Amino acid sequence: MFATYLIGLREGLEATLVVSILVAFLVKSQRRDRLPQVWAGVGLAVALSVLFGWLIEYTSTSLLSRSEDRELFEAITSVAAVVFVTWMIFWMRRAARTIGGELRGKLTEALAVGSLAVAGMAFLAVIREGLETALIFYSAAQGAAGDSGPLLALIGGIVTAVVLGVLLYASALRINLSKFFTWTGALLILVAAGILKYGVHDFQEAGVLPGLNDLAFDITGALDPSTWYAALLAGMFNVTPAPTVLETIAWVAYAVPVLLLFLRPARPKPAPTATTTTVTERGADTGAEAEPASAPQRA
């Protein structure tokens, strides 16, 4: 359940930071009259994300009658979830420094167009996080049918993210978001490796990939599946005591290189020249946008 809590916390905080930047910009620009359009766009994005999650679950449990078809569907969604997780993690690391300025610039353009543009901009800013959350949650919670624990953990993570976002907006709490996204990103890479491993297993059960009975190792004696720590490892990172050869290869082939790339120190940017550097660019380069937590106050 910790894995789904982490998903809700990570995705929820990203969406909350985006909304807080938009709201702060409107408040400080004396455009409170546009706040209802922002909340309308956010509400529509949340509703469609929930609908998307329900549609995935309905397709798997009701539309697909054969077990092989369900396994294949779950395998495909697992691979898609891994792609989204990987893209989201690296995108957030790259965009964290400038996301506030980019959002404020887009909102300025939307204000010039009208109410629908403002609502549409807020919708697009949140819907990506919502759809990713629904897809990743479905893939991470596979195998927990009839168990409400993963859903409650996801909701708990989202609620925690909203509380943190509100406190950050009100300046009652300051955290190092760079470190937060680095640590949660590393953990999510391990979660994604487990999701990929689960997807490979589903492909094997669907008959698409061979080797369902070819075990890489069997440490059931040392890692009893009935113990709490074995359940924790399986729930968080899909680490099981008797994986197949292809499952093990997939887990290692994804986790090791992606972790190394993600944790690799970023290359320093070349110093801007005095003739081409604007005030806005200097703010971004010196870290004005480095802490999204304080972005709402500098809108």
Side-chain angles (χ1 to χ4, degrees), residues 1-18 45 49 52-53 56 72-99 102 124-143 150 153-154 157-158 161 177-204 208-209 233-240 243 246-267 292:
M1 290 193 297
F2 178 76
T4 53
Y5 175 84
L6 182 64
I7 291 168
L9 177 62
R10 170 80 184 222
E11 296 283 350
L13 188 56
E14 287 184 27
T16 301
L17 288 173
V18 167
S49 299
F52 178 68
I56 294 177
L72 183 59
F73 177 78
E74 292 176 358
I76 293 173
T77 56
S78 294
V79 173
V82 171
V83 172
F84 276 117
V85 168
T86 308
W87 177 84
M88 175 265 295
I89 291 171
F90 283 95
W91 176 86
M92 192 62 190
R93 189 183 70 166
R94 184 180 67 254
R97 291 176 58 88
T98 59
I99 187 172
E102 292 176 358
L124 292 174
V126 176
I127 189 64
R128 179 180 62 84
E129 308 295 344
L131 296 180
E132 285 179 0
T133 302
L135 181 60
I136 298 168
F137 168 72
Y138 172 79
S139 299
Q142 290 181 31
L154 179 74
I158 293 174
L177 289 176
S178 176
K179 290 184 178 179
F180 172 84
F181 284 120
T182 297
W183 282 105
T184 56
L187 287 174
L188 278 179
I189 288 172
L190 297 179
V191 171
I195 293 175
L196 180 62
K197 175 176 173 288
Y198 195 100
V200 170
H201 184 79
D202 282 337
F203 275 125
Q204 289 179 314
V208 176
L209 291 177
L233 286 173
M236 289 177 58
F237 309 123
N238 198 24
V239 174
T240 55
L246 285 181
E247 288 179 66
T248 304
I249 291 174
W251 199 98
V252 175
Y254 173 86
V256 174
V258 175
L259 267 176
L260 291 176
L261 286 174
F262 180 73
L263 297 176
R264 182 183 59 182
R267 295 180 180 178

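Here the structure is a predicted model, which means the values were calculated and not measured. The analysis underlying the following values was restricted to heavy atoms, covering all of them including side chains, and did not include hydrogens, waters or symmetry mates.
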So CG of L261 and CD1 of I189: to nearest 0.5 Å the spacing works out to 8.5 Å
Applying side chain to side chain contact (heavy atoms under 4.5 Å, CB included) to A255 and not counting sequence neighbours gives L190, A193, W251
Within 6.0 Å of CZ in F84, more than 12 heavy atoms from elsewhere: no
Residues A81 and L135: closest non-hydrogen pair is N-CD2, 3.9 Å
| task | Measure the shortest side-chain to side-chain distance between F73 and D202 over non-hydrogen atoms and say whether it is less than 4.5 angstrom. | result | no
*side-chain contact (heavy atoms from CB on, under 4.5 Å) between L154 and T133, worked out*: CA-CA 9 Å; L154 179 74; T133 302; 3.8 Å; yes
Scanning both residues in full, the closest heavy-atom pair of A250 with V200 reads CB-CG2, 3.6 Å
Value for CG (L188) from OG1 (T86), rounded to nearest 0.5 Å, stands at 10.0 Å
Next on the checklist: Could you check whether any side-chain heavy atom of L209 comes within less than 4.5 Å of a side-chain heavy atom of L246, counting everything from C-beta outward?
Outcome noted: yes
What one should report as the nearest heavy-atom pair of P243 and T240 is CD-O, 3.5 Å
dist L259:CG -> Y254:OH (nearest 0.5 Å) comes out at 8.5 Å
Residues passing the side chain to side chain contact (heavy atoms under 4.5 Å, CB included) test with V83, sequence neighbours excluded, are none
More than 12 heavy atoms of other residues, nucleotides or ligands under 6.0 Å from CH2 of W87: is that the case?
yes
Rounded to the nearest 0.5 angstrom, the CG-NE2 distance for N238 and H201 is 9.0 Å
For I89 and G185 the tightest heavy-atom approach is CD1-O, 3.5 Å
Interatomic distance, CD@E74 vs OH@Y198, rounded to 0.5 Å, equals 5.5 Å
For L196 and V82 the tightest heavy-atom approach is N-CG2, 3.7 Å
Closest non-hydrogen atoms of S78 and G199, given as atom of the first, atom of the second and distance, are CB-CA, 3.8 Å
If we only count heavy atoms from C-beta on, is the T182 to L263 side-chain gap below 4.5 Å? yes
